Amino acid sequence: MRTLALALAALAPITLPLPALAQDEPPRIARMAVQVEEKSIPELSAMLAAGTISSEELTRAYIDRIETLDRKGPQLNSVIAIMPGAIEEARMLDAERKAGTLRGPLHGIPILIKDNIEAKGPVPTTAGSTALLANITDRDAPLVARLRAAGAIILGKTNLSQWANIRSDNSVSGWSSVGGLVKNPYALDRNACGSSSGSGAAAAASLAAAAIGTETDGSIICPSSINGLVGFKPTLGLVSRTHVIPISHSQDTAGPMARSVTDTALVLTALAGSDPADPATAEADVRKTDYAAGLSPGYLQGVRIGVLKDRTGSNARVQAVFAGALDWFASAGAELVEIEDSRTGLEGLGEAEFKVLMTELKVDLNAYLASTPATVKARTLKDIIAYNAANAVIELAWFDQGLFDLAESQKGLDDPEYREALAKAKRLAGAEGIDKLLKTHDVRFLIGPSNAPAWVSDLVNGDHSSGPSQSQLPAIAGYPHITVPMGYVAGLPVGLSIIGGQWQDHDVIKAGYAFEQASKARVAPSYSQRADAVADPIRR
């Protein structure tokens, strides 16, 4: 029988070490003179262009910041691994810049990716599970290849809710057996939300210029909202999913998470594009554009916007912050249209979505695991379930695998119940959901509070978040959704959601930018030990 001490030791994060310093490298204290906190991508690009900093120095500065805030200090646990080749990539991009070759606005800019996304090199892609510690594929996901082609440096991998939060109804968002529990940089006792928790906390703490998250339903929007970020879930099919550990091909997508709308748009421009291996992206090359172009504070002038009044939740302080956001929309010239019945006719949507996710999880995860190296011994979902049971002291320490068990019992993509659920979910969320709301009320966008403030993390009792949430309709329909900081409750960030129709990604980003410029709501994190009441508990 293992002792409690041994069990707890086994649960310690398995983060890979930071790159060792070469003998000729400058001391860390000198490199810390490079300040990257809250620097935007355009600001960093200007510094690189002026020669006041090199990409190598910039990369080292972020690595130092990870050492200071993620490994030590607040110990955010947001970064699982640093890519060993990051410094070499930076040197190569510095040489290209010196030779007069620039790949674009991301040239020499370090970015973190979620650890369910593959990247070349000796670092495994784990989805936060020790079952995949041998999953070293040494291949770039197409979205990563696009980032590299645009000049971005893949700095490292971020922690996440294990298996992207699909293992159990009783899960703890932000916890993985590989990386431990991610802490919210605004209040360390609070949750960073899942499943892109590490990407959210790391981007908020300026551990990279931006981060990439993935979403099936809320996993970009919630951690962005709760960590004071801009997060963008694109139209399904704008960004490739190949070599990304899946949940559902009907809903999965990757997207950018950053500290401003402009940074988010710049990263999305690099990510977007067709991938022959992902049929959903067939239209992406035709649809994509420069998402940072045409951003204007005046974009909302005269634009009709639907306010989801029946989706604001019960938290009076969140409602008050949202009321302030509506004032900013009005000051930006928008025409606000109240919608009181956005749920009418959508009965059964949640049940249909759940059936789809459970069925596709088994099929899609089995297909992914079959593509992994032979060193990965778990080749199917059934194997993962058996691995977790055999390693329960590590993998099942805090919550069960009930959803995995349920997914394993599903009949597959030919099951008539699955096909009926998929058609119903898409119809209710799309044609009879977002499309109908936009048309009936003659509005361009739908808005509402993205989420409630972060809850206290509780490994024993699991998540206890309370609404509101705007993620379900755009997640199921596959439509664009952005969250932008709109204010704070007791020092905890609250985001504003803007939802548009299919392929209206650029318009949604433009609306987000205009709101951001009107509100100027974002405040850098304080790394407080806990969220205390403040003199004015509602800050705008």
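Computed from a prediction, not measured in an experiment: that's the story for all the values here.
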Kindly say whether S274 contributes a backbone atom to a donor-acceptor pair with the side chain of D285 at under 3.5 angstrom?
yes
State whether a side-chain donor-acceptor pair under 3.5 Å links N159 with S78.
no
For the backbone of S260 and the side chain of T264, can you confirm whether one donor and one acceptor N or O come within less than 3.5 Å of each other?
yes
If we ignore angles and hydrogens, is there a donor and acceptor under 3.5 Å between the side chains of N135 and T372?
no
Side-chain donor or acceptor of K157 paired with backbone N/O of I117 under 3.5 Å
yes
A side-chain contact here means heavy atoms from C-beta on lying under 4.5 Å apart; do L422 and T359 qualify?
no
Do you know which two heavy atoms are closest between E395 and S177, and how far apart they sit?
OE2-OG, 2.7 Å
Do L132 and W163 have side chains that get closer than 4.5 Å, going by heavy atoms?
yes
Hey, are the side chains of L473 and I499 touching, using non-hydrogen atoms and a 4.5 Å cut-off?
no
If you take all heavy atoms of K382 and E408, which pair is closest and at what distance?
N-OE1, 3.5 Å
Donor-acceptor pair, distance only, cut-off 3.5 Å: does the side chain of R146 make one with the backbone of A272?
yes
Above 12 or not: heavy atoms from other molecules or residues under 6.0 Å from CD of E420?
no
Less than 4.5 Å apart, any side-chain heavy atom of V144 and any of I113?
yes
I want to check something: taking the side chain as every heavy atom from C-beta on, are Q401 and Q162 in contact at a cut-off of under 4.5 Å?
no
So among D507, I447, I509, which one has a side chain to side chain contact (heavy atoms under 4.5 Å, CB included) with I498?
I447
Going by an N to O cut-off under 4.0 Å, is there a salt bridge joining D414 and K411?
no
Taking the side chain as every heavy atom from C-beta outward, state whether K426 and S250 have any pair of such atoms under 4.5 Å apart.
yes
Partner of S371 under side-chain hydrogen bond (donor to acceptor under 3.5 Å, both in side chains), chosen from H243, E118, R139:
R139
Side chain to side chain donor-acceptor pair (under 3.5 Å) assessment of T281 paired with D275:
CA-CA 6 Å; T281 65; D275 167 21; 5.3 Å; no
Minimum heavy-atom separation for G500 and Y479, please, with both atom names.
O-CB, 3.4 Å
Do any pairs count as a disulfide (SG to SG under 2.5 Å) and have a residue in residues 202-291, sequence neighbours left out, and if so which ones?
C193-C222
Between E516 (side chain) and V261 (backbone), is there a donor-acceptor pair under 3.5 Å?
yes
Heavy atoms of I41 and D263 approach each other most closely as N-OD1, 3.0 Å
Parallel, tilted or perpendicular, as decided by the 30° and 60° cut-offs, for the rings of F399 and W175
perpendicular
Could you verify whether a donor N or O on one side chain and an acceptor N or O on the other, from S173 and D463, lie under 3.5 Å apart?
yes
Modelled atom types, side-chain donor and acceptor of T242 and D278, under 3.5 Å:
no
Closest heavy-atom contact between K233 and P474?
NZ-O, 3.4 Å
Strictly below 4.0 Å, N to O, side chains only: are K355 and E351 in salt-bridge contact?
no
Does some side-chain heavy atom of S199 sit less than 4.5 Å from a side-chain heavy atom of L112?
no
When you measure from the side chain of E67 to the backbone of I63, do you find a donor-acceptor pair of N or O atoms at a distance under 3.5 Å?
no
Which residue in the set S497, S471, S224 passes side-chain hydrogen bond (donor to acceptor under 3.5 Å, both in side chains) when paired with S450?
S497
Measuring only between side-chain heavy atoms, which start at C-beta, is D383 closer than 4.5 Å to T380?
yes
Give every residue pair that meets the disulfide (SG to SG under 2.5 Å) criterion with at least one member in residues 359-390, sequence neighbours excluded.
none
Between R91 and E56, does any side-chain N to carboxylate O distance fall below 4.0 Å?
yes
Pair Y368, N116: side-chain N/O donor-acceptor within cut-off below 3.5 Å
no
Salt bridge check: are K39 and E43 linked by an N-O gap of less than 4.0 Å?
no
Is the backbone of S171 close enough, under 3.5 Å, to the side chain of N165 for a donor and an acceptor to pair up by distance?
no
Shortest non-hydrogen contact from T253 to P234?
OG1-CG, 3.5 Å
NZ/NE/NH1/NH2 to OD/OE distance under 4.0 Å, D364 and R241:
no
Flag for E360-Q251: side-chain donor and acceptor within less than 3.5 Å
no
